[in-house]
Protein chains: 2
Amino acid sequence: MTSRTPRPRERGIPEATVARLPLYLRALHGLSERGTPTVSSEELASVAGVNSAKLRKDLSHLGSYGTRGVGYDVEYLIYQISRELGLTQDWSVAITGAGNLGRALANYGGFGTRGFRIAALLDADPAMVGHEVAGLQVRHIDTLEDVVAKENVSICVIATPAAAAQGVCDRFVGAGVTSILNFAPMVLNVPDHVDVRKVDLSIELQILAFHEQRKAGGDKGPEWVGALDQ
Amino acid sequence: MTSRTPRPRERGIPEATVARLPLYLRALHGLSERGTPTVSSEELASVAGVNSAKLRKDLSHLGSYGTRGVGYDVEYLIYQISRELGLTQDWSVAITGAGNLGRALANYGGFGTRGFRIAALLDADPAMVGHEVAGLQVRHIDTLEDVVAKENVSICVIATPAAAAQGVCDRFVGAGVTSILNFAPMVLNVPDHVDVRKVDLSIELQILAFHEQRKAGGDKGPEWVGALDQ
DNA sequence: TCCACTTTGTGCGTGCATTCACAAGGGCGT
DNA sequence: ACGCCCTTGTGAATGCACGCACAAAGTGGA
Ligand SMILES: NC(=O)c1ccc[n+]([C@@H]2O[C@H](COP(=O)([O-])OP(=O)(O)OC[C@H]3O[C@@H](n4cnc5c(N)ncnc54)[C@H](O)[C@@H]3O)[C@@H](O)[C@H]2O)c1
Ligand SMILES: NC(=O)c1ccc[n+]([C@@H]2O[C@H](COP(=O)([O-])OP(=O)(O)OC[C@H]3O[C@@H](n4cnc5c(N)ncnc54)[C@H](O)[C@@H]3O)[C@@H](O)[C@H]2O)c1
């Protein structure tokens, strides 16, 4: 654990691994709060709900940060994963759509804790503009380009009705934003260099319904699989 | 479109396909509303934002519902996908946690439209119980088992703080619920026959931050990939 | 110093997912 | 009735992901 320079490991972390790193990070924070100094891949994998071999392979993509016979230093691993995910810097986030969902997101305390700062809450409804939500004044959508530039927004959240989502998306992209989290139930059209991730509750429920139907269907033979990956 | 019996296609739809069917369904509903009678795999794939070969292979898992040289009948395909996903029946959903998120979910109109009925909204806070949200009285968490039995709940949504999630989960599982949608930032422990899907905003943001950092990092060579799958 | 024990990091086999490319099939005009 | 054109459905190739199983490596005790 002396601070050697452990070969930053050529760029190429698998997407599946990237998606699990936040899970490990959360588990590690839990261990850290309880004062645990080191953790084995077996323990950490158990807390994070994954296979221990998978965990070790995931971590090996970042470098060799473990100690054989001992495990991983919790604080050191937290730092390394945070650095890899880009959480050692702060990110300004703009939320668009101050409706039910947008306000819930703005009120959610879980963002700030991990390097994300809600820089602005935008809405098109004049009746909404000016209201204070979670210590933030709702601003008019016309100020979008201004907000992106002045607040240095790099990630935006779209929580408008589906019909407005593509328009809002285009304006963010035009203003230089290249990461979008979309809650509107529609597929956004963006240039190749822009990343979009979507959250769609309706789709999640439909997937659950599919499996539920299969279970209830009582087909010949108990052949449904196990719990889905979390 | 005569009602033949087209061989229900042996059970075994790939999970990746199941996750995309709702996407196709949404696109088809859009086409249906605009009166489009038939659609080619190319067009539908474009609207749904996927590769057309993938779309055809996905649909082929349900059966041979297309017509070569013509495409797919929109209404017929809507019916077939709905049936496969289990949307031809209604599902009762119980939401637990009437906080910011739980209330936003309850107020969201997009559930009822596709066969999901919010049967109950549960909370542990006595001050919250009895309040009306989206035409629904918030009920006390103690009535959980009652609600599951009487309302025939098969899917539950957990929107409580993380600390309470596992306990609530256990009670739902004990009451016979086998499909869970979890918003709390923690890994739920469930028996094998229970399906859990999670939605974690914080993880989504962290994944975006990772890619954002890579883009900004300006490593040697423009070698970041494209837009993520939506 | 040496040995037994623990745990990491990874080579390898397996299976799933994606995409290409095309033969098979169906409609339509002549 | 025939042949052209369009689109589906799928074989095959490639690549990614997962998990086993083990050698390598570090610890601690004697
Ligand atoms: N509420 C939920 O639980 C939930 C669940 C799943 C999906 N969604 C989706 O999230 C989105 C928002 O849901 P909601 O329940 O908050 O809806 P909502 O109607 O409560 O809020 C939408 C807000 O967007 C604003 N808006 C409309 N057009 C705009 C524009 N062009 N620019 C900026 N703001 C604009 C409206 O003024 C309104 O305040 C919808 O697309 C919905 O389908 C919501
Ligand atoms: N609000 C968001 O945008 C957001 C985003 C991401 C994740 N989350 C997660 O969703 C969950 C809910 O978030 P929120 O913002 O609505 O929180 P909140 O504090 O506003 O609401 C939580 C509700 O759960 C109730 N509750 C507590 N213990 C309970 C129990 N044992 N049984 C039943 N109800 C109980 C509380 O009374 C409260 O009404 C949290 O786990 C949060 O981390 C929320």
Side-chain angles (χ1 to χ4, degrees), chain A residues 1-2 4 6-21 23-24 28 36-74 76-77 80-81 225-230, chain B residues 1-2 4 6-7 9-21 23-24 36-74 76-77 80-81 225-230:
Chain A
M1 208 146 338
T2 53
R4 61 225 145 120
R7 189 160 319 265
R9 202 41 82 115
E10 288 317 319
R11 302 299 175 182
I13 299 182
E15 193 55 33
T17 294
V18 173
R20 280 187 296 264
L21 289 179
L23 222 56
Y24 305 151
L28 285 166
T36 316
T38 63
V39 65
S40 72
S41 64
E42 202 72 48
E43 296 172 86
L44 184 53
S46 160
V47 178
V50 303
N51 180 297
S52 72
K54 182 150 64 180
L55 176 108
R56 286 197 301 275
K57 187 157 287 188
D58 282 344
L59 294 185
S60 78
H61 285 114
L62 313 187
S64 273
Y65 297 141
T67 306
R68 296 173 191 230
V70 176
Y72 300 89
D73 182 277
V74 171
Y76 187 57
L77 196 50
Q80 290 298 344
I81 296 181
V225 285
L228 302 177
D229 276 351
Q230 294 185 48
Chain B
M1 206 152 339
T2 53
R4 59 222 146 123
R7 189 160 317 266
R9 201 41 83 113
E10 288 318 318
R11 302 299 175 179
I13 298 183
E15 192 54 35
T17 295
V18 173
R20 281 187 296 264
L21 290 179
L23 222 56
Y24 306 152
T36 314
T38 63
V39 65
S40 73
S41 65
E42 201 72 48
E43 296 173 85
L44 184 53
S46 160
V47 178
V50 302
N51 180 298
S52 72
K54 182 150 62 180
L55 177 110
R56 287 197 299 277
K57 185 153 287 190
D58 282 343
L59 294 185
S60 79
H61 285 113
L62 312 188
S64 273
Y65 297 141
T67 307
R68 295 171 191 234
V70 176
Y72 300 88
D73 182 279
V74 172
Y76 187 57
L77 196 51
Q80 289 298 346
I81 296 180
V225 285
L228 302 178
D229 278 351
Q230 293 185 47

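Naming convention: chains lettered A, B, ... in sequence-line order (proteins, then strands); numbering from 1 in each chain.
- Residues B:Tyr24 and B:Leu55 form a side-chain contact, since some pair of their non-hydrogen atoms from C-beta on lies under 4.5 Å apart.
- In this structure, A:Gly69 and A:Ala53 both approach DNA chain D, and ranking their closest nucleotides by distance from the 5' end singles out A:Ala53.
- Protein atom OH of B:Tyr24 is 15 Å distant from nucleotide atom C1' of D:dT8, rounded to whole Å.
- Between B:Thr67 and the phosphate of C:dG26, there is no side-chain N or O to OP1/OP2 separation shorter than 4.0 Å.
- In this structure, the OH atom of A:Tyr65 is 18 Å from the C1' atom of D:dA25, given to the nearest Å.
- In this structure, A:Lys54 NZ and A:Leu59 CG are separated by 13.0 Å, a value rounded to the nearest 0.5 Å.
- Applying the 4.0 Å criterion to OP1 and OP2 of D:dT7, one finds that B:Ser40 has every side-chain N and O outside that range.
- When each of A:Ser41, A:Ser40, A:Ser46 is paired with A:Glu43, the side-chain hydrogen bond (donor to acceptor under 3.5 Å, both in side chains) condition holds for A:Ser40 and for no other.
- With the nearest nucleotide of DNA chain D identified for both A:Arg56 and A:Thr17, A:Thr17 has the one nearer the 5' end.
- Computed from coordinates, the B:Glu15 CD to C:dT18 P distance equals 12 Å when rounded to whole Å.
- Between the CG atom of B:Leu55 and the P atom of C:dA17 there is a distance of 16 Å, given to the nearest Å.
- Checking the phosphate oxygens (OP1, OP2) of C:dG9, a side-chain nitrogen or oxygen of A:Tyr72 falls inside 4.0 Å.
- Of the candidates D:dG19, D:dT27, D:dG26, D:dT27 carries the atom nearest the A:Val70 side chain, counting heavy atoms from C-beta on.
- For D:dC20, the OP1/OP2 oxygens have a side-chain nitrogen or oxygen of A:Asn51 closer than 4.0 Å.
- In this structure, the side chains of B:Leu44 and B:Leu77 come closer than 4.5 Å at one or more pairs of heavy atoms.
- In this structure, the CZ atom of B:Arg68 is 18 Å from the C1' atom of C:dC28, given to the nearest Å.
- Judged by distance alone, with hydrogens and angles left aside, A:Lys57 brings a side-chain donor or acceptor within reach of the base of D:dG19, the pair sitting under 3.5 Å.
- Side-chain nitrogen and oxygen atoms of B:Lys54 include at least one within less than 4.0 Å of the OP1 or OP2 phosphate oxygen of C:dT19.
- The distance from atom CG of B:Leu44 to atom C1' of D:dC6 is 17 Å, rounded to the nearest whole Å.
- Under the 4.5 Å side-chain criterion, counting only non-hydrogen atoms from C-beta, A:Leu28 is in contact with A:Val39.
- A straight line from CG of B:Leu62 to P of D:dT10 spans 12 Å, rounded to a whole angstrom.
- In this structure, B:Ser41 reaches the D:dT8 phosphate: one of its side-chain N or O atoms is under 4.0 Å from OP1 or OP2.
- Note: NE2 (A:His61) to P (D:dC18) measures 10 Å, nearest angstrom.
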